[in-house]
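Please read the structure below before turning to the comments.
Each ligand, and each atom within it, is numbered from 1 in the order the structure gives.
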Amino acid sequence: MTARILEGKEFSARIKDEAREAVEQLRADGVIPGLTVIIVGENPASQVYVRNKHKTCEELGIRSEVVALPEDATKDQLLETIDRLNADQNVHGILVQLPLPTAIKAHEQEILERIDPLKDVDGFHPFNVGKLVTGSPTLVPCTPAGCIKMLDLAGIEIDGKRAVIIGRSNIVGKPMLHLLMARHATVTVCHSHTKPLGDVTREADILVAAMGKPKFVTAEMVKPGAVIVDVGINRIAPKKLVGDVDFESVKEIAGAITPVPGGVGLLTVAMLMQNVVRAARLQLGR
Ligand code: NDP
């Protein structure tokens, strides 16, 4: 048996179509949704991500602005920039591209908390995290939200399933736990102290790998027929990206699997566009 390949391109196109329609409605009401991305320094991967976000905004009719601060920008400069954007009515979404340069990395939480929760399109502000945990999700982190949306669009049942997540980060693992639990899956979260990992992952009907370890999940760790969502993005050579899952071996045993590249990464940007629309509506009180 070879797994169904869940192509990010197909699902992201559908998510973007929904966003495009919502943008058109807002524009018809005289509102042009706007996203501002703040990038600090010159991390090449971050620059690629920011360019993709900008391009996708333009494609959908969202006003896009990139504020580039130098590598040696101070925490206060960044906070002042956020304050200015918080007060700007034309800016509906604010996103600080991570990772921050080493010199200000320690202030990451303070910086993210400075963003107006209604403009927090990454969904990382404690207000939005709290809304998610207490069952009234508002602005939800884009990558896990995109994974759930993809499962829905693919017609994959979540209710009553055993879901296992490898990784407990604030960006992927933890929000994924709450999203899957809200959809009535029985969820286990694994991390670097989970032993033996394979015993847990083999129980999964839905396995989400978000650990940042190239090709770590092998066929022996997967239950036959399981749905595999590979969030990992690992650069193993200048032009070679792989996921956290050993795609070639796992696709022979899984029921469905996302490829890397061309899987979850595309959904993340598409969901960001939906979050900008949602943020604009929230600010309009809709
Ligand atoms: P983090 O480094 O923040 O978290 C990694 C998690 O994996 C940690 O919880 C860690 O456990 C766990 N882990 C690491 N090694 C093992 C192991 N051997 N066994 C079990 N658990 C392990 O990563 P992120 O969540 O930010 O990102 C994860 C991956 O997803 C990365 O490859 C990243 O590039 C990718 N990513 C992709 C996105 C997309 O758009 N597709 C968006 C965001 C991330 P512990 O907590 O114990 O340290």
Test item: Val217 and Ile228 side chains (from C-beta on) under 4.5 Å apart, heavy atoms: no
Separation of Lys16 NZ from Leu267 CG (nearest 0.5 Å): 10.5 Å
Enumerated ligand 1 atoms positioned under 4.0 Å from heavy atoms of Ala210: 5 (C), 6 (C), 7 (O), 28 (C)
Contact atoms of ligand 1, heavy-atom distance to Lys213 under 4.0 Å: 15 (N)
Atoms of ligand 1 close to Ile166 [distance to a heavy atom under 4.0 angstrom, numbered from 1]: 20 (C), 21 (N)
From CD1 (Ile148) to CE (Met176), nearest 0.5 Å: 4.0 Å
Pairing of Asp17 and Arg14 as salt bridge, 4.0 angstrom limit: no
Taking atom 8 (C) of ligand 1 as the reference point, the nearest protein heavy atom with its distance: Arg168 N, 4.0 Å
Region of Thr143 engaging ligand 1 - heavy atom pairs below 4.0 Å: side chain
Short N or O distance, Ile171 and ligand 1, threshold 3.5 Å exclusive: no
Ligand-residue contact atoms, ligand 1 with Gly265, heavy atoms, under 4.0 Å: 40 (O), 41 (N)
Under 4.0 Å to a heavy atom of Asn234 - the qualifying atoms of ligand 1, by number: 32 (O)
N/O separation below 3.5 Å, Thr268 to ligand 1: yes
Reported NZ-to-CZ distance for the pair Lys75 and Arg114, which is rounded to 0.5 angstrom: 8.5 Å
Contact partition for Leu267 relative to ligand 1, non-hydrogen atoms under 4.0 Å: neither
From Arg286 atom CZ to Gln25 atom CD, the distance as rounded to the nearest 0.5 Å: 9.0 Å
Residue Gly212 vicinity, atoms of ligand 1 by number, heavy atom under 4.0 Å: 28 (C), 29 (C), 31 (C), 32 (O)
Polar proximity ligand 1 side, His193 side, N/O cut 3.5 Å exclusive: no
For Thr201, the option from Thr188, Ile165, Thr194, Leu207 that meets side chain to side chain contact (heavy atoms under 4.5 Å, CB included): Leu207
Enumerated ligand 1 atoms positioned under 4.0 Å from heavy atoms of Phe216: 18 (N)
Reported CD1-to-NZ distance for the pair Ile158 and Lys161, which is rounded to 0.5 angstrom: 9.5 Å
For atom 14 (C) of ligand 1, closest protein heavy-atom neighbour: Met211 O, 3.9 Å
